[in-house]
Amino acid sequence: MPSSSRVQDREEVYRSLVISLFSENKTILTGAIASAAAMAMTAHHLDSLIIWLIAFATLVVGVGRFVQGRKFAALHDPAKLSAQQIRKWDISFSIGAIACTSLLGAWCFLAALPGDPFPRFVSVVVTFANIVGICTRSSALPRLVNFQLISMVVPMVAGLYITGDEYAVLGVLLIPFMISLQRIAQVQRRVLLNTIAERQRAEHIANNMHTALENIPQGVVMFDADGSLEVSNGHIQQMTQRTARSLQGTTTDRMLTLLQQTGNVDQAEIQTLRSWLKNSTERSFNQTLHLGHDKKRVVRFHASRMDKGGFIGTFEDITKEVAAESRIEHMTRYDRLTGLINRSYVTTLLSSELQTCPAAKTCAVLIVDLLKFKKISDMTGPQTADLILCEIAQRISRVVDPKALCARFSSDEFMVVLRSKYGLDEARHVADKLLDTISEPIVIRGHSITLSSKIGIALSDHDSHADGLIKQANVALAAAKASEDEAWMVFDEQIGKQLETQRQMEDAIRTALDNEAFELHYQPIVDLKNKKVALCEALVRWNDPQLGRVSPSQFLPLIEDMNLMDELGDWVIKTACHTCASWPGDAAVAVNLSAAQFRKGRLVSVIRDALDSSGLNPARLEIEVTETLMLNDVEAAVEQLNAVKALGVRVALDDFGTGYSSLSYMSKLPLDKVKIDRSFVTGVNQDPKLQLLITGIAALGHGLDLTVVVEGVETEMELRRLMANAQIDLIQGYYFSMPLDSIQTDTLFADQSDAMKQMLAKIPSASKRAA
Ligand code: C2E
Ligand code: CA
Ligand code: CA
């Protein structure tokens, strides 16, 4: 124990001892009155003025000590007296006490002197009585006991001894008696000291308990076996708005009423608590209570019964925990960007909806896909894309039934679950509304953006489950996306089969790529002026053992979706270069590129490798790009095209006129050639305006120093019309030749080949052209 606390303990003990001196104040007065009365009797008997004076003085001292005792008792908290103050009280008590015993001693001496037995007897008896009183009352301070005994007994013994008769013996006998009484006083002091030490320990423990109780974050109550409150801490006082003192002894019933009134706890919650207290035999009990008018404060109540009866209860404020939990729950259930429910939560909700949905009623699941959103996001930047998604989320929520579930299903897909009683007609109607609202222009940061979307719909039946239904809606969506005319589709058996076919095709594609089962066919492109096949366009072909011939428009989008376009593209470039290198003369090969090949930024090295390994003159290679390919990042595309051109490879803009920005790309990109799309040619016989357009584009192309190619020429008529009205350099189309396999191409290029002669003979002569 550190010395400072030992000093403190000593002071504490001394204080307690001094306090004990004042504990029996009334006996001091009664003792003084009794002593004074006995003195008066002897004064009267001996007719001694001095004994009268001693009796009076004893009474005065006794009253003075009594008043002093009262003053001490009136102190608010003697335990808080300083060491100095306690010392003062000790001294004043001791003075009173010694004054009292000195008077008694003087009286005994004077009463003994005349040799009269009566005063001797009375004084000895009274002194004895006082000795006993002193030894008990003043036992706390042995020094004081000694002083008192000496001041009282020495004169008495002296008085008795001086007279020299049998009382002298009594006087001598008094000495051992006094000594043994003094010993008893010592023993009593030890007992007193022990009691003080025990009390100090108990107080210390109680203080610690109190500190602990007031510093724990929980509210604590302890009710005894009779159901009255024994212990409560500050939290409880705050909760019930009562002081500790007024809560002491409160019954459980009253406590529950207080909780209900001041804490605003619901009657039902109080009732549950009450029935546990009254009726349950369970040892412990937990309950969540909602406090306040808004019920936002949440408290967890836990109670355990105690062995000796009664119970101890804790109230823990879990408002923050609950809020954090609900925030986490919100994060796991809701989409952070749009605030709509997320994919996993909508699946959970749909599951329970299907379980509770009676067989007659129907749920409808609609998956909405924003078309080309990735490209829009790349163009506008992620922040604008986020704003667009939020706007779409709001629009979707606005147009559907408030009871419907709206969810963000994936980055650019939303899902709507129409709950109960939704048949096919209602679902179609909602789909139309969704398409309309999404297609309204969105104005963000001064730009107007128009989105289009496709929707897949699935309707539940009696044994539908969430995952299956969502899969069906996805299949219907894929079918809608594949369809040119339908903006939404409802899942049915046929669509299911289509999906199955698609899955088969995906498997077959993987195998074909592994086995290099793709082929390249080459479609000749004829130079009208020089009357020769200037180049051939390499077109990929796939003849699967099971699926038969599959058109590129079917399998290329799949390969794109499967992220395998890169792999196929590399193979095409390599194969085309090798094949072209085997052709005689300077006939070139044109290779179509896909967006994936641009995205990865490795196009230049792939082309360089293909040229190196085949030994093909770069001037004999041409790449065809479309404007949709450029959408991602025009700058990066231009950079790559420049690098490709730097190798000596030519660049053609394919499908010119099918997009919105063909003209702007025509000036932006480092081009050598422009290929006017087949759609212009197909309508040229019916619509004279198209002819005008071709004429204009061709003129523009030449103005920019580009070679002009027209694709998809199927008839002589088309060719003549084109040649009559526009300045076209090259023609590609079935009229001259279908795409040919590599053997047929070799034959075509063979010296003096008939096939070549026949094809070139189809070019009208200059005179015919004018006609
Ligand atoms: P594209 O680049 O516009 O290729 C021309 C398409 O038009 C070819 O279709 C060709 O067979 C067809 N065609 C040519 N002359 C005529 C005609 O007179 N009339 C009609 N109706 N069609 C004609 P194909 O081979 O089915 O290819 C379709 C598209 O697939 C191509 O359009 C091209 O975008 C893409 N494609 C083909 N092969 C590849 C390839 O190796 N890589 C990439 N990235 N795309 C390819
Ligand atoms: Ca092409
Ligand atoms: Ca084309």
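In each ligand, atom 1 is the first atom listed, and ligand 1 is the first ligand listed.
Put simply, no part of S551 is less than 4.0 Å from ligand 1, judged by heavy atoms. Taking a 4.0 Å cut-off on heavy atoms, R541 registers as neighbouring ligand 1.
The part of E711 lying near ligand 1 is the side chain, judged by heavy-atom distances below 4.0 Å. Heavy atoms of S553 found under 4.0 angstrom from ligand 1: none, in either backbone or side chain.
For the pair R395/I438, no side-chain contact is recorded, criterion being any heavy-atom separation below 4.5 Å from C-beta on. Side-chain contact check for T575 versus E516: every heavy-atom pair is 4.5 Å or farther apart.
When hydrogens are left out, the protein atom nearest atom 6 (C) of ligand 1 is L539 CD2, 4.7 Å; that is the closest non-hydrogen contact. Among all non-hydrogen protein atoms, the one lying nearest atom 15 (N) of ligand 1 is Q523 NE2, 2.9 Å. Protein heavy atom nearest atom 20 (C) of ligand 1, with residue, atom name and distance: E714 OE2, 3.2 Å. Summary of contacts: the protein heavy atom closest to atom 7 (O) of ligand 1 is R678 NE, 4.5 Å. Closest to atom 16 (C) of ligand 1, if we only count protein heavy atoms, is Y734 CE2, 3.3 Å. Ranking protein heavy atoms by distance to atom 39 (C) of ligand 1, first place goes to V540 CG1, 3.8 Å. Looking only at protein heavy atoms, the nearest one to atom 3 (O) of ligand 1 is D655 OD1, 3.2 Å. Given atom 46 (C) of ligand 1, the protein heavy atom at minimum distance is L556 CD1, 3.5 Å.
For atom 9 (O) of ligand 1, the protein comes within 4.0 Å by no heavy atom at all. The protein reaches atom 26 (O) of ligand 1 closely, with a heavy atom under 4.0 angstrom from it. Protein heavy atoms are found inside the 4.0 Å sphere centred on atom 23 (C) of ligand 1. Put simply, atom 34 (O) of ligand 1 has no protein non-hydrogen atoms near it, under 4.0 Å away.
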Steps toward side-chain contact (heavy atoms from CB on, under 4.5 Å) verdict (I728, M723): CA-CA 7 Å; I728 313 291; M723 289 172 73; 5.6 Å; no
Audit row: K433, H429, side-chain contact (heavy atoms from CB on, under 4.5 Å) steps and yes/no: CA-CA 6 Å; K433 281 207 292 188; H429 178 63; 4.1 Å; yes
Chi angles and distances behind the side-chain contact (heavy atoms from CB on, under 4.5 Å) call for L424, I457: CA-CA 9 Å; L424 185 56; I457 305 172; 5.5 Å; no
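Side-chain contact, Q597 with S594: a donor N or O sits under 3.5 Å from an acceptor N or O. Between the side chains of D655 and T658, not a single donor N or O lies within less than 3.5 Å of an accepting N or O.
Distance check, rounded to the nearest 0.5 Å: CG of D544 to CD of Q504 gives 9.5 Å.
Remark: of the listed residues V649, T579, L611, L611 is the sole one forming a side-chain contact (heavy atoms from CB on, under 4.5 Å) with L616. Each of M379, E627, E639, K668 was evaluated against V634; a single residue qualifies, K668, per the side-chain contact (heavy atoms from CB on, under 4.5 Å) test. For the side chain to side chain donor-acceptor pair (under 3.5 Å) test with E537, the passing option among H521, K675, Q523 is K675; the others fail.
Not one N or O of A538 is nearer than 3.5 Å to an N or O of ligand 1, by distance alone. Residue Y735 places no N or O, backbone or side chain, under 3.5 Å from any N or O of ligand 1. Residue contacts with ligand 1: Q597 is placed with no nitrogen or oxygen under 3.5 Å of a nitrogen or oxygen of the ligand (distance criterion only). Among the atoms of E537, some N or O lies under 3.5 angstrom from an N or O of ligand 1.
Backbone or side-chain N, O or S atoms of D654 reach the Ca ion (ligand 2) at under 3.0 Å. With 3.0 Å as the limit, E624 does not count as an N, O or S neighbour of the Ca ion (ligand 3). Contact annotation: N592 places an N, O or S atom under 3.0 Å from the Ca ion (ligand 2).
Using a cut-off of 4.0 Å between Lys/Arg side-chain N and Asp/Glu carboxylate O, D741 and R541 are scored as not salt-bridged. Here R650 does not pair with D672 in a salt bridge; the nearest charged N to carboxylate O distance is not below 4.0 Å. Salt-bridge formation is detected for the pair K532/D586: a Lys NZ or Arg NE/NH1/NH2 atom is positioned less than 4.0 Å from an Asp or Glu carboxylate oxygen. The pair R721-E718 does not meet the salt-bridge criterion, since no charged nitrogen lies less than 4.0 angstrom from a carboxylate oxygen.
Proximity to M565 (heavy-atom distance under 4.0 Å) selects the following atoms of ligand 1: 44 (N). Contact atoms of ligand 1 toward L593: 44 (N) (distance under 4.0 Å to a heavy atom of the residue). Each of the following atoms of ligand 1 lies closer than 4.0 Å to a heavy atom of P552: 24 (P), 25 (O), 26 (O), 27 (O), 30 (O). Ligand 1 places these atoms under 4.0 Å from at least one heavy atom of V713: 18 (O). Taking every non-hydrogen atom of P739 and a distance limit under 4.0 Å, the qualifying atoms of ligand 1 come out as 11 (O).
In this structure, L706 and H702 approach most closely via the heavy-atom pair O-CD2, 3.5 Å. The two residues L641 and P670 have their closest heavy-atom pair at CB-CG, 3.6 Å.
For the Ca ion (ligand 2), the nearest N, O or S atom contributed by E537 is named OE2. Taking the N/O/S atoms of D655 in turn, the shortest distance to the Ca ion (ligand 3) belongs to OD1.
The nearest non-hydrogen atom to atom 43 (C) of ligand 1, considering only T626, V591, D677, N592, comes from N592. With distances taken over non-hydrogen atoms, the option nearest atom 41 (O) of ligand 1 out of I525, I573, V572, L568 is V572.
Taking the six-membered ring where tryptophan is involved, the planes of F518 and W542 are tilted, since the angle between them lies from 30° to 60°.
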